[in-house]
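All remarks here apply to the structure that follows.
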Amino acid sequence: KCQENYISCPGLENLDWNRTWQTHNPDLTPCFQNTVLVWIPCLYLWLFAPFYILYLKRNDRGYICMTHLNRAKTVIGFTLWLICWADVFYSFWERSHGAAIAPVYLVSPTMLGVTMLLATFLIQYERMKGVQSSGVMLNFWLIAIVCATVTFRSKILHALNEPASVNVFKYTTFYIYYTMLLISLILACLSDQPPLFSQANPCPESGASFLSRITFWWITGLMVTGYKRPLEEKDLWSLNTEDKSQRVVPQLVRRWDQECNKVKRSEVRSHFFFSTRGEKKDGQPIEESEILLAKTLQKTGEPSLFCALCRTFGPYFLVSSLYKIIHDILMFVGPEILRLLIQFVNDSSAPTWHGYFYTTLLFVCTCVQTLILQKYFHVCFVTGMRLRTAIVGAVYRKALVITNAARRTSTVGEIVNLMSVDAQRFMDLITYINMIWSAPLQVILALYFLWQNLGPSVLAGVAVMVLMVPVNAVIAMKTKTYQVAQMKSKDNRIKLMNEVLNGIKVLKLYAWELAFKDKVSAIRESELRVLKKTAYLGAVSTFTWVCAPFLVALSTFAVYVLMDEHNILDAQKAFVSLALFNILRFPLNMLPMVISSMVQASVSMKRLRVFLSHEELDEDNVERPAITACESSDSQGALVAVVGHVGSGKSSLLSALLGEMQKQEGSVSIKGSVAYVPQQAWIQNATLKDNILFGRDAKDSWYQKVVEACALLPDLEILPGGDLTEIGEKGVNLSGGQKQRVSVARAIYCNCAVYLLDDPLSAVDAHVGKHIFEKVIGPQGLLQGRTRVLVTHGLSFLPQADLILVMVDGEITEMGSYTELLGRQGAFAEFLRTYTNTEQEEVEESVGGEAGLLISELLSCFHASVLSHSPGTGKTPQKTEPNDVAAAKKAKSTEAARLTEADKANTGRVKLSVFWEYMKAIGLPLSIFSIFLFFCHHLSSLGSNYWLSLWTDDPVINNTQPNREMRLGVYGALGLTQGIAVFCYSVAVSVGGILASRYLHQTMLYNVLRSPMSFFERTPSGNLVNRFAKETDTIDSVIPSIIKMFMGSMFNVLGSCAVILIATPLVAIIIPPLGLLYFFVQRFYVASSRQLKRLESVSRSPVYTHFNETLLGTSVIRAFGEQQRFIRESDGRVDHNQKAYFPSIVANRWLAVRLEFVGNCIVAFAALFAVMARDSLSPGIMGLSISYALQVTTYLNWLVRMSSELETNIVAVEKVKEYGDTEKEAEWRLEHSTLPAGWPTTGHIEIRNFGLRYREDLELAISDISVNIEGGEKVGIVGRTGAGKSSLTLGLFRIIEAAQGEICVDGVNIAELGLHELRSRITIIPQVPHLNTPKQCWGKLLLKVMHYNISLLRKKNGIKYLARALLRKTKILVLDEATAAVDLETDNLIQSTIRTQFEDCTVLTIAHRLNTIMDYTRVLVLDKGQMAEFDSPSNLTAKKGIFYKMAKDSGLV
């Protein structure tokens, strides 16, 4: 009878619901087991195999040798095939013995056997294509085993219940089959060895098993290392090949070129079309179709970067869309299962196993959802990473080839922004871009299920949601305008701070700190006012964001129950709706964000497109040349000098020779390789040696020759690491002359045929210039026999040139040898006349030349202290740059200081004291009040939901719920309380944040201004500006919002756990261990994540610095033909940065998977215990408990993200506070000052035994100086560089406190005064520098303060005004000339002003040019920090001592 049944077995019809569902012991019919359960795995594999084989064919990863694992897999595959065939033969054998066998017993094993063969083939094919672990196969074995398990259980039950009817052979084969499937599944979880020829230290992802890949288990090794000790560079894996620049960038560049060519072709076509059709000479109107065509063609005139990006990254990115669809559908499974669970609790007749089945289903679904979502994010982030690599690479390559005209359209900063900001925008957008279609999909699905649940009353809720969108949009727009205003104030403040920090020395000398403090504070206040407005807006938006879900629920339920009194709000309706509303909340809030993110990205896209479309340098480009009608031919091996006034086109001539200019007519041909020395030396941030080698192989003997010829040997002795000293960005630790010499050395070293030298000798001292000309450029130099084109202003070299070109207004007016040109009396002779006068002055100053330049640079950047450290006395001409020792030492020490400073705040966890500091800055009452408000909000939120569960449990009488109006009223009231609390805490936190940031900024500003000069020399100004810009911004806007989110998610998690505990107290057993696991995972993660972030940010700046450097030196790079090497270097740096970024995104996924698993466990246990206690639970409480549990995962995720964000950002408070503990100057004003009003009255200065040192650990810079200067005397202070001239004035102003002795002015010891009292009563004139160079910002600063809008042209009255403005008529005047290399005219002017205006004052002058002080009453000569001579100039000259020697050097005696 049973057999006949099987013959007609159609499969599903025999699924007997009474036997499988409505029973306490469920089972499937044998027919169903033998057909559907066998066919499912077969269908799966046959469906996927063709696609999979194609995929493997295209993505060949290499060949894996046969391993034991592979052999085992293959053997088991064959065994399974044999078992299936055994079954088939057995059925035939039975048939031949007359038994009636249903066809299904032949068909199913045959199908299964063929499928097993296919599986075995795939296993081998995967090995040949280098697949170490396969998801397709793992899923196949998993599906097979799940289907076989059902049959396995049935067979055991059957054998136990009816032992007589057991078919021993078939049972045996089935059990063997089942065992083999299990073994296959286990083997499929393991990973094979890597393919042959893999890279060194590869990323473990490629070799990880499928399970390890989907759970991100493969990064655990790195995390463990990071937990034990801070991660280092060497722990990171090399990038996957498909993520590397050399693979990614060319793809994008190729696609972009295709787009550009398409446009060019269409332009050619349209041009052709118009030239043939558009000639309507007889005045006929042009047809409309043509006009339309013209318009469309104009539109297509832009190559589309979007298309290029889509074609490059689209295919890989589409995978993520697939994941997203699956995830979106799975999201709605949770509420559906919740509905079934509530139904199950309501229906006491339902078998218990239904509850467990639902719970398991819920757990499996949430876990699958987690895995798919994290895989989706992983794909997105990797795409984002590749996108950034591609954009950075494309921009870099483009920057090397664009024309100078195109370069001028965008500043270096803007181009660097394309790399940093715009590429980052794309990265951010990629994670959200799928929301554009996913959000509407989620909304539609949610509405569909809601409609099923509550009918048309859903529309009320939807209306509320839709109304929220414009409210949020308006708030966003307003916030944006405020943000712009705030940025403006912030920029002004930072600009002013920059000026203050650069001119801090002048501020201190003039006692102007308070005035500037008020000025900065005023800007800060206006900034805080805007911040306050933003804070109120933020409070409104938080209010809408938090209250929207509640308002939606309230309106929906109100409409539902009031529409018809027979509408009963039961647990199923209420809590399923709440769960769906929670899902709906996310897409509605995300859409505005995504749209604004898209708008930003489209702006970035446009900027990138414009930059990538710039025209490139090309031989046949046409542009107006700066050189007109220019013909010259340089004979091979000649020294050609090019002379002319400023702006006559000398440099342009060289640019034209390099092909940097766009040619209009004529021709330029150069034979052989070219080396180029630009006017502004271009120095890389590398060692000195690397700068000279410039990518060439090192040849020691040649290198030594070059260094010697360029007069670099003395400098190498001075530099701390010789030629291995690292040179800072733009060569900061080299003087101008040294930079120029390194630049020349680079050109000589590369040994080319043609040398183009653009005035390389102007920046060096006269004697050094002479040396270089003789040893390098001149007829006997290293370059003899090569063609040298030298642009020069130095007349002394011209007689040795073979050919001289004279340029006027871009034309070569004369050419010939020196003697020929002199004879002609033309432009050349005039040029000579102009420049001879200045030459003599230059020679006169050559003692102070290059050193003086450096000193002026340093002083103007407030590095006065350097002067005193320099050991040399400047007697030997080679050692005119002794200050570099100090400068370099200083650079080194600040470097060390900076590194420790940057890391000091970052190692380990943030101390609780920092949070305490922040709370104190807000004010403790406000802090506590804010926390109390948070508590109120969450309490009322829990209360309203608990009330809802009580409402749903109300008894139903005559199909109505009696007290629904009361229930609804209380529900609404609780919601209102919630809203008020939200608004209040949002305002409280924001206002608190503003109070804190005002307090922290004020104290920091005060502390910084109170710091002594030594502090500013030790601390890089970048660090200080960073504190005022970045850290202050973090405290202003980031920390308050993070605190809100952190508190919110923390209370949410606690609230959810509380609800679940109230509903099912049994969960108490589970929550502590899960909590511990959660805490451990999070700490474990933060340790590695923090370090990875740090490694990533440390490796990010080199990318930008290198790019910056390249932009400044493109002409040099192109001249030397080094483009490819620089591209490789840039790619290497980007890859190096991504190497740290990649593990950090994977670590995020790793964390998310584990945390969501903890959340999923909470959901599962909440459901499980609810099922176990179904008799004692009301459906309302159960619905409440599970709907809270469903949200726990999201809250946990947020909590971890926010706590790590909070830790990262609160560091700003620590950094801002750290200047409170540094040393401070003496008090500015003393409380009880006994100083007479007009002090000093005579200006009598007495210096007794005076000495001072710059730092505790250094020698005395000046010592034992005793001088008595009468009131009204004019005293000059002279001495070689580093003799201590400036130190003496610094001591007089107490910029540095005395180490011994004392200075008395009019009988008052200056050490007993307040600093402002002292500094405001004596005046110093730092020689006013010309205000056109950024180095001397402080000159502008003085002007600003004095509000004298004098245009500082070289007009007599201009300087006089300035002098009057600055000299507050005090009795003591100090003139510090060390800072200024002014021309003689101005110098005379200032001296005469002083003589007339300040006859009765005591004047101290630090002199470099002795002629200024020859008529002073006395001269103080310092040597090595001690007083050498002190007498009138005439007596000193007669003594023939140091002063006499100096005067002789200057040609005054």
Side-chain angles (χ1 to χ4, degrees), residues 1-23 25-50 77 79-97 99-120 122 136-137 139-162 165-182 184-185 357 361:
K1 182 183 79 179
C2 210
Q3 298 291 351
E4 293 156 21
N5 212 3
Y6 277 164
I7 297 169
S8 61
C9 173
L12 283 173
E13 284 170 22
N14 254 30
L15 191 57
D16 180 355
W17 279 108
N18 290 330
R19 183 174 171 179
T20 49
W21 190 249
Q22 307 294 347
T23 164
N25 191 6
D27 197 7
L28 292 166
T29 59
C31 181
F32 186 86
Q33 292 176 19
N34 278 328
T35 51
V36 178
L37 289 188
V38 174
W39 296 345
I40 288 175
C42 301
L43 267 175
Y44 164 82
L45 197 61
W46 284 100
L47 264 178
F48 279 94
T79 315
L80 284 165
W81 173 67
L82 288 172
I83 290 169
C84 296
W85 279 115
D87 260 0
V88 175
F89 288 131
Y90 183 74
S91 298
F92 275 120
W93 180 81
E94 273 191 326
R95 235 181 166 167
S96 65
H97 283 71
I101 296 293
V104 75
Y105 283 115
L106 298 170
V107 177
S108 287
T110 311
M111 235 175 110
L112 204 56
V114 178
T115 308
M116 289 305 162
L117 263 185
L118 175 65
T120 316
L122 280 176
V136 174
M137 293 310 293
N139 284 337
F140 168 68
W141 297 121
L142 187 65
I143 293 170
I145 198 107
V146 167
C147 292
T149 306
V150 177
T151 317
F152 186 69
R153 178 176 171 275
S154 294
K155 283 204 184 311
I156 288 176
L157 288 176
H158 184 223
L160 290 176
N161 297 335
E162 307 171 27
S165 64
V166 169
N167 181 332
V168 180
F169 181 81
K170 287 204 165 166
Y171 269 53
T172 315
T173 53
F174 180 76
Y175 290 146
I176 296 172
Y177 167 75
Y178 189 75
T179 318
M180 291 294 165
L181 278 184
L182 258 179
S184 278
L185 180 66
F357 174 69
L361 198 59

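No experiment lies behind these values; they were computed from the predicted model shown.
When side chains are defined from C-beta on, Trp85 does not count as touching Pro109, because their heavy atoms never get closer than 4.5 Å. By the 4.5 Å heavy-atom criterion applied to side chains, Tyr177 and Asp87 are not counted as neighbours. Two residues are said to be in side-chain contact when any heavy atoms from C-beta on lie closer than 4.5 Å; Ser165 and His158 meet this criterion. Side-chain contact between Phe174 and Thr151: present, with at least one pair of heavy atoms (C-beta onward) separated by less than 4.5 Å. At least one side-chain heavy atom of Thr23 sits less than 4.5 Å from a side-chain heavy atom of Pro26. Proximity of Leu80 to Ser184: side-chain heavy atoms (C-beta onward) are separated by under 4.5 Å at one or more points. With contacts defined as side-chain heavy-atom distances shorter than 4.5 Å, the pair Glu94/Asn167 qualifies.
For Arg95, the side chain to side chain donor-acceptor pair (under 3.5 Å) test picks out no residue, with sequence neighbours left out. For Val150, the side chain to side chain contact (heavy atoms under 4.5 Å, CB included) partners two or more places apart in sequence, or in a different chain, are Leu28, Leu37. With sequence neighbours left out, the side chain to side chain donor-acceptor pair (under 3.5 Å) criterion links Thr149 to Tyr178.
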Derivation and outcome, side chain to side chain contact (heavy atoms under 4.5 Å, CB included), residues Phe32 and Asp27 = CA-CA 10 Å; Phe32 186 86; Asp27 197 7; over 6 Å; no

Check step by step if side chain to side chain contact (heavy atoms under 4.5 Å, CB included) holds for Leu118 and Val114. CA-CA 6 Å; Leu118 175 65; Val114 178; 5.9 Å; no

Residues Val38, Val104; criterion side chain to side chain contact (heavy atoms under 4.5 Å, CB included); working and verdict:
CA-CA 11 Å; Val38 174; Val104 75; over 6 Å; no

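The CZ atom of Phe89 sits 10.0 Å away from atom CG of Leu82, with the distance rounded to the nearest 0.5 Å. Considering CG of Asn34 and OG of Ser108, their distance stands at 6.0 Å, rounded to 0.5 Å. From Ile145, atom CD1 reaches atom CE of Met180 across 12.0 Å, with rounding to the nearest 0.5 Å. Here the OG1-CE distance, from Thr35 to Met111, works out to 10.5 Å after rounding to the nearest 0.5 Å. The CG atom of Leu43 sits 8.0 Å away from atom CD1 of Ile40, with the distance rounded to the nearest 0.5 Å.
Annotation for Phe140 and Ala119: closest pair CE2-CB, 4.0 Å, computed over non-hydrogen atoms. Contact record, Leu185 with Leu142: CD1-N, 3.7 Å, taken as the closest heavy-atom pair. Taking every heavy atom of both residues into account, Gly113 and Trp81 meet most closely at O-CD1, 3.2 Å.
Geometrically, Lys170 does not engage Tyr90 in a cation-pi contact, judged by NZ or CZ lying under 6.0 Å from the ring centre and within 45° of the ring axis.
Atom CZ of Phe92 has 12 or fewer heavy atoms from other residues, nucleotides or ligands within 6.0 Å.
In this structure a side-chain-to-backbone donor-acceptor pair under 3.5 Å is missing from Ser91 to Leu106. Side-chain atoms of Tyr44 come within 3.5 Å of backbone atoms of Val136 as a donor-acceptor pair (strictly under, hydrogens ignored).
In this structure, His97 and Trp93 have tilted ring planes: the angle between them lies in the 30° to 60° band.
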